[in-house]
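Below, read A as the first sequence line, B as the second, and so on, with proteins coming before strands; counting in each chain starts at 1. Computed from heavy atoms alone, side chains included, the values below leave out hydrogens, waters and symmetry copies.
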Amino acid sequence: MRYSHALINTVRETPSEAEVISHRLMLRAGMIHKVAAGIYAYLPLALRSITKISAIVREEMVAAGAQELLMPAVQPAELWQQSGRWDKYGRELLRMHDRHDREFCLGPTHEEVITDIVRAQIRSWRQLPVNLFQIQAKFRDEIRPRFGLMRGREFIMKDGYSFDRDDAGAAATYERMHAAYTRIFERCGLRFRPVEADSGAIGGAFSHEFMVLADSGEDAILSCDTCDYAANQEKATARAPEATPPAANAPAPEAVATPDKKAVDEVAAFLHREPTDFIKTLLYRAGEQTVAALVRGDREVNEIKLAHALGADNLALASDGEVEAATGAPCGFAGPVGLAGDVAVWVDREVAAMATAVTGANHADTHLAGVQPGRDFATDNVADLINADDGDPCPRCAGTLHLSRGIEVGHIFKLGTKYSAAMGATFLNAEGAETPAVMGCYGIGIGRTMAASIEQNHDDNGIVWPVPIAPFTVEIILIRETDAASLEVAAAMERELTAAGHEPLVDDRKERPGVKFNDGDLLGLPYCVTVGPRGLKEGKVEIKARATGERVEVAVEQAVGWLTERCA
RNA sequence: CGGGGCGUGGCGCAGUCUGGUAGCGCACCUGCUUUGGGAGCAGGGAGUCGGAGGUUCAAAUCCUCUCGCCCCGACCA
């Protein structure tokens, strides 16, 4: 490919809308073009990379026994009504009407359609298992799209769905997908980690997210420094604390004045105690019920865990007015002792293990010291309710958990029979009984994987592509595009490299060398060959490795061989 | 949806407070000189100032409405 004929328009100045580095660099390198909020066109450079990522995904999916198909982006409301999600999905689902006023939506995911297909195609246990996937644009009307391709409304996704005869089969398929995903992200040259994830409303322990490790990631993950335990902070559980036995015959709680001190840190400083000596009481509304969640003063409530513990669908922090109604005190002085009887008290494991603590007194400007869980308030409902944090003990071994950030590029989970049962995707098993297929689903954000790679691999000068997903593998810079000898060498090299399976981009633009070098670094192709009169005088070209900055002078006739050896 | 900010040549911005014939840098086009890490000089093209309505002799600037975009938050298979 000749740069002078390629649609690659780099810009020196960073467009002001870009927050994260991958978005900035993709705009600067002329890879994407925004069409509307969260909706992008993939320009040729970006599409080349996306095509490569897709090819890796296809190969590994097929190798793992999956078959590719393609479903429509537009889906009829009836299917979503059958699964029950038409009413549940909310405004993230973009709905529309056709000319006959029938309702449709743009597919944010394809469980309904795939289940519809399979129920029409599958009759017998002999046809199972079947594992199907597609690579296609999805649309989710995100409340706030951001970070360019990282969180768009329209995005390219590989979504796969498996149907098995029984749980054991589904578990085996799940493991195969886990292994395939690991190979996919390894082949893409990414540093990543599979982590245990919350499976949302579906429940069950079978859910893993594949996280590309990057400080700019939107997800917090905890991983053990000793064993291979790693989990999304939404899900991560630290080892349960040992109970500290309370002193016998300890005095009853004592009220202490804490005028105008509300936040735990303020009260702790005022009383010369540590936040870890406190119990923080947060009030929530779960439907009609008011719930008090008790966590140690330095901890954060994990609302997902709390919702699971309660079996609640929707959970929201209580308003100031609701707090006053439940505690009889202004917000900031809530505590478990003497709460209104209709408030359900849920106690974090760590709090239940405390010997004594300071809590709010349910009275303005007052706290209680010397409160004993179990003696001064009931500990009937104990659960893990907090976010595990950096330094907590690992639940599986003697190691320590560490907090880091990641970008979710893949998510696999076992669905069970939720959709197959609701939509009648059943088959006759070996005993002749009608049985719903056991499903799993498996997603990879293709565009997000590309963005995550840039997020993880860049420097001050631009992108640093890993060879397997680079738009081109080699850039050939012509120092003097008017020099006949240089042109001849570049043309020959382009031919030979192409024949050897490389993808060269020849910068033959009428630009000064400095411009070409800087654009070369910005585009970030793995190798850059500089062809100019000065080197050719000695029959040499210079090759630079983008990732390491290593430069070598190589004889013209050895350059292709040198590159082939390095790219293997 | 709540809070904040921004819409002025392709991109980045000034001008708006205090109304008076639209400007700068980059990019683009032409020519000459240059050419191993973002060249110089000269010339040139390009903007209904997001849109609609209003005030005024006069509106990018003041008023009203509206649309879009960005940031923070709530939300998220």
Here the gap from A:L94 atom CG to A:E142 atom CD, rounded to the nearest 0.5 Å, amounts to 12.5 Å
Over 60° means perpendicular and under 30° means parallel, so classify the ring planes of A:H23 and A:Y40, tilted if in between. perpendicular
For A:R24 and B:rC11, what is the distance between atoms CZ and P respectively, to the nearest whole Å? 18 Å
Identity of whatever pairs with B:rA59 - Watson-Crick or G-U, under 3.5 angstrom: none
Is B:rG37 paired to anything, Watson-Crick or G-U wobble with both distances less than 3.5 Å, and if yes, which nucleotide? none
For A:I543 and B:rG36, what is the distance between atoms CD1 and C1' respectively, to the nearest whole Å? 16 Å
Using Watson-Crick geometry (N1-N3 plus N6-O4 or O6-N4) or G-U wobble (N1-O2, O6-N3), each under 3.5 Å, B:rA74 is paired with none
Using a 4.0 Å heavy-atom cut-off, does A:G535 contact any base of the nucleic acid, only the sugar-phosphate backbone, or nothing at all? base
Test item: side-chain donor near acceptor, A:E234 and A:N302, under 3.5 Å: no
Please identify each residue that fulfils salt bridge (Lys or Arg N to Asp or Glu O under 4.0 Å) with A:D459, with sequence neighbours left out. A:R546
Base of B:rC76, side chain of A:R151 - is there a donor-acceptor contact under 3.5 Å? yes
Check the distance between B:rC70's P and A:E142's CD and give it to me in whole angstrom. 13 Å
Let me know the distance between CD1 of A:I143 and C1' of B:rG3, rounded to the nearest Å. 15 Å
Contact state string [nucleotides 37-45 of chain B, B base, S sugar-phosphate only, - no protein heavy atom under 4.0 Å]: BBB------
Distance in angstrom units between A:Y284 OH and B:rA74 P, rounded: 11 Å
Taking the ring centre of each residue, are A:Y442 and A:H208 less than 6.0 Å apart? no
Counting any heavy atom closer than 4.0 Å, what does A:T530 reach on the DNA or RNA strands: base, sugar-phosphate only, or nothing? base
I need the CD-P distance between A:E19 and B:rG73, as an integer number of Å. 11 Å
As a test of understanding, state which of A:E19, A:E218, A:E408 forms a salt bridge (charged side-chain N to carboxylate O under 4.0 Å, His left out) with A:R151. A:E218
Expressed as a whole number of angstroms, how long is the span from A:R144:CZ to B:rG68:P? 17 Å
Expressed in angstrom and rounded to an integer, what is the separation of A:E553 atom CD from B:rG36 atom C1'? 11 Å
Indicate, with a heavy-atom threshold strictly under 4.0 Å, whether A:P533 touches base, sugar-phosphate, or nothing. base
Mate of B:rG23 across any strand shown (Watson-Crick or G-U wobble, both atom pairs under 3.5 Å) is B:rC13
Is B:rC69 paired to anything, Watson-Crick or G-U wobble with both distances less than 3.5 Å, and if yes, which nucleotide? B:rG5
